[in-house]
Amino acid sequence: MSDSITVTVLVENTAFGPGIRGEHGMAFWIEAGSKRVLFDTGPGPEVLVHNAEFLGIELASTDAVVLSHGHYDHTGGLMEVLGRAGKIPLFLRPGALIQRYSKKKDGSVREIGAPSPLNESTLRELAASLTWTTDPSTVADEIRVTGRVPRWTEYEDTGGDFYLDEACSTPDAIEDDQSIFFDTSEGTVVLLGCCHAGIVNTLRYIQGMTGGRPIHAVLGGTHLIAASKTRMDRTVQELRDMGIALLAPAHCTGARAQARIATEFPDSWEPCHVGTRFEFTRAGSTGLR
């Protein structure tokens, strides 16, 4: 069994170099021992499949899929993956398949839920099992998913104007938000889809579940794109107090928040664009990250 866990960015807003493609969305490929886990699937199959082939990743070898939440930019490639990988387990939160909408500053409204025909009936036919992660769950080996993240902080919100109806009269708390975490020799690694529950809430919750184990790395979407100065200030202070060695925000973090994090944590910040590969030493093993 390999002594390392590797995480490869398959879909993200940014990509650099010939042949690789960026797209608004998120997907991580996780290799832990003999297990292959796909965390989110981007907004559609085309870029996901292209990048996987370009990077030498066989989507047909996927052992399990985890959805961070039910927005289109994280679920659009799911049907393609299940078609290639066959009957594999799917982990998602209750409510991930409901209709949902966002409202832009100009007042326009668009549907942002999981695309048709993603519904429970279809997924039960295609997947080996559906695990509705009401609680923290083990996906494969040491790869775990948080389930529902408690909303403790008063300064964190969902990060945008999200609604359950087209009239935008019922706010969407995005209760289906969840994140992945796993232990390494240097501490806990956390993967975020969009982190609508709030990055501080999420990291605190994970630390509580791991007995206060230090957070070593945080990768993925933080949805700080519309964060107020107060929220950013408090978030930066919390991240500093946690002493996180590797910060690789992506996707919905936003340019200003990215710049702030990179400036505040010059020795910890790393890019998280498509094709980036992170390697971590498994807990109990020896070696370098």
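A side-chain contact (heavy atoms from CB on, under 4.5 Å) with Leu191 is found for one member of Ile143, Leu219, Val66, Val218 and no other, namely Leu219. The one candidate from Arg282, Arg144, Arg213 that meets the side chain to side chain donor-acceptor pair (under 3.5 Å) condition with Asp183 is Arg213. The side chain to side chain donor-acceptor pair (under 3.5 Å) with His251 is formed by just one residue from the set Asp40, Thr14, Asp73; it is Asp73.
The structure places NZ of Lys104 at 5.0 Å from CZ of Arg110, a figure rounded to the nearest 0.5 Å. Atom CG of Leu239 sits about 10.5 Å away from atom CD1 of Ile215, to the nearest 0.5 Å. Here CG of Leu118 is found 8.5 Å from CG of Leu82. Values are rounded to the nearest 0.5 Å. To the nearest 0.5 angstrom, Leu97 atom CG is 6.0 Å from Leu123 atom CG. The OH atom of Tyr101 sits 11.5 Å away from atom OG1 of Thr170, with the distance rounded to the nearest 0.5 Å. To the nearest 0.5 Å, atom CD of residue Glu120 and atom CG of residue Leu92 are 8.5 Å apart.
One side chain, Gln258 or Trp269, offers a donor N or O that lies under 3.5 Å from an acceptor on the other. Neither side chain, Asp177 nor His69, offers a donor N or O lying under 3.5 Å from an acceptor on the other. At a cut-off of 3.5 Å, with distance as the only test, no side-chain donor of Thr184 or Thr281 sits close to an acceptor on the other residue. Side-chain N/O atoms of Gln237 and Asp233 include no donor and acceptor closer than 3.5 Å. For the residue pair Gln207 / Thr188, no side-chain donor-acceptor distance below 3.5 Å is found, with atom types taken as modelled.
Aromatic ring orientation, His223 versus His196: tilted (interplanar angle from 30° to 60°).
A salt bridge does not link Arg148 with Asp176: every distance from a Lys NZ or Arg NE/NH1/NH2 to an Asp or Glu carboxylate oxygen is 4.0 Å or more. In this structure, Arg36 does not pair ionically with Glu58, as no charged nitrogen and carboxylate oxygen lie closer than 4.0 Å. Comment: Arg84 engages Glu80 in a salt bridge, judged by a side-chain N to carboxylate O separation of less than 4.0 angstrom. A salt bridge between Glu154 and Arg234 is present, with a side-chain N of the basic residue lying under 4.0 Å from a carboxylate O of the acidic one.
Leu246 places a side-chain heavy atom less than 4.5 Å from the side chain of Phe280. Contact annotation: the side chain of Met79 approaches that of Leu126 to within less than 4.5 Å [non-hydrogen atoms, C-beta and beyond]. Residues Leu55 and Ile20 form a side-chain contact, since some pair of their non-hydrogen atoms from C-beta on lies under 4.5 Å apart. Side chains of Phe16 and Val274 form no contact here, defined as non-hydrogen atoms less than 4.5 Å apart. Residues Val200 and Arg231 have side chains not in contact (no heavy-atom distance under 4.5 Å, counting atoms from C-beta outward). Side chains of Val189 and Ile5 form no contact here, defined as non-hydrogen atoms less than 4.5 Å apart. Using a 4.5 Å heavy-atom cutoff, the side chains of His273 and Thr276 are in contact. Side-chain contact between Asp165 and Gln99: absent, with no pair of heavy atoms (C-beta onward) separated by less than 4.5 Å.
The main-chain N or O of Trp152 is found under 3.5 Å from a side-chain atom of Asn201 such that the two form a donor-acceptor pair. A donor-acceptor contact shorter than 3.5 Å links the side chain of Ser137 to the backbone of Asp135. Not one N or O on the side chain of Ser102 forms a donor-acceptor pair closer than 3.5 Å with the backbone of Val109. The closest donor-acceptor contact from the side chain of Thr75 to the backbone of His71 lies under 3.5 Å. At distances below 3.5 Å, at least one donor-acceptor pair connects side-chain atoms of Thr263 with backbone N or O atoms of Ala259. A donor-acceptor pair is defined here as one N or O able to donate and one able to accept, closer than 3.5 Å; such a pair exists between the side chain of Asn51 and the backbone of Leu10.
Phe91 and Leu59 fall into different hydrophobic clusters, where Ile, Leu, Val, Met, Phe, Trp and Tyr residues are linked whenever their side-chain heavy atoms come under 4.5 Å apart, directly or through other members. Residues Phe28 and Ile88 fall into different hydrophobic clusters, defined by Ile, Leu, Val, Met, Phe, Trp and Tyr side chains chained together at heavy-atom separations under 4.5 Å.
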> Should Ser68 and Gln178 be marked as a side chain to side chain donor-acceptor pair (under 3.5 Å) after you check the CA-CA gap, both sets of side-chain angles, and the distance that decides it?
Replying inline: CA-CA 5 Å; Ser68 65; Gln178 61 180 352; over 6 Å; no
>> For a salt bridge (Lys or Arg N to Asp or Glu O under 4.0 Å) check, start with the C-alpha distance between Asp172 and Arg100, then their side-chain angles and the critical distance, and finish with the verdict.
In response: CA-CA 7 Å; Asp172 184 1; Arg100 53 224 318 185; 2.9 Å; yes
> Can you check side chain to side chain contact (heavy atoms under 4.5 Å, CB included) on Val7 and Arg277, steps first, answer last?
Replying inline: CA-CA 6 Å; Val7 178; Arg277 187 172 183 266; over 6 Å; no
> Given the rule in the side chain to side chain donor-acceptor pair (under 3.5 Å) test, do Ser121 and Asn119 qualify, once you have shown the distances and angles that lead to the verdict?
Replying inline: CA-CA 6 Å; Ser121 176; Asn119 55 54; 4.6 Å; no
> Does the pair Glu238 and Arg204 meet the rule for a side chain to side chain contact (heavy atoms under 4.5 Å, CB included), with working shown?
Replying inline: CA-CA 10 Å; Glu238 289 279 356; Arg204 283 182 180 176; 2.6 Å; yes
>> Please evaluate residues His74 and Thr41 with respect to the criterion side chain to side chain contact (heavy atoms under 4.5 Å, CB included), reporting the C-alpha separation (whole Å), side-chain torsions for both, the decisive distance (0.1 Å), and the verdict.
In response: CA-CA 5 Å; His74 298 257; Thr41 65; over 6 Å; no
> Yes or no on side chain to side chain donor-acceptor pair (under 3.5 Å) for Glu156 and Thr153, after CA distance, side-chain angles and deciding distance?
Replying inline: CA-CA 6 Å; Glu156 292 186 294; Thr153 59; 2.7 Å; yes
> Is there a side chain to side chain contact (heavy atoms under 4.5 Å, CB included) between Phe181 and Thr146 once you walk through the steps?
Replying inline: CA-CA 7 Å; Phe181 64 103; Thr146 59; 3.8 Å; yes
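Contact detail for Gly159 and Ala226: the closest heavy-atom pair is O-CB, 3.9 Å. The two residues Pro249 and Thr253 make their nearest non-hydrogen contact at CB-OG1, 3.5 Å. Residue Pro271 comes nearest to Phe278 through the heavy atom pair O-CZ, 3.6 Å, listed as atom of the first residue, atom of the second, then distance. Taking every heavy atom of both residues into account, Ile225 and Gly254 meet most closely at CG1-CA, 3.8 Å. Summarising the geometry of Ala27 relative to Gly42, their closest heavy-atom pair is CB-N, 4.0 Å, with the distance given to 0.1 Å. Of all the heavy atoms in Phe39 and Leu67, the pair that sits closest is CE1-C, 4.3 Å.
Taking a 6.0 Å sphere around CD of Glu111, one finds it holds more than 12 heavy atoms contributed by other residues, nucleotides or ligands. For Arg124, the CZ atom counts as densely surrounded, since its 6.0 Å shell holds more than 12 non-hydrogen atoms of other residues, nucleotides or ligands. By the neighbour-count criterion of 12 heavy atoms within 6.0 Å, atom NZ of Lys87 is densely surrounded, having more than that number from other residues, nucleotides or ligands.
With ring centers used as reference points, His216 lies 6.0 Å or more from Phe182.
Geometrically, Arg240 engages Phe265 in a cation-pi contact defined by less than 6.0 Å to the ring centre and at most 45° from the axis.
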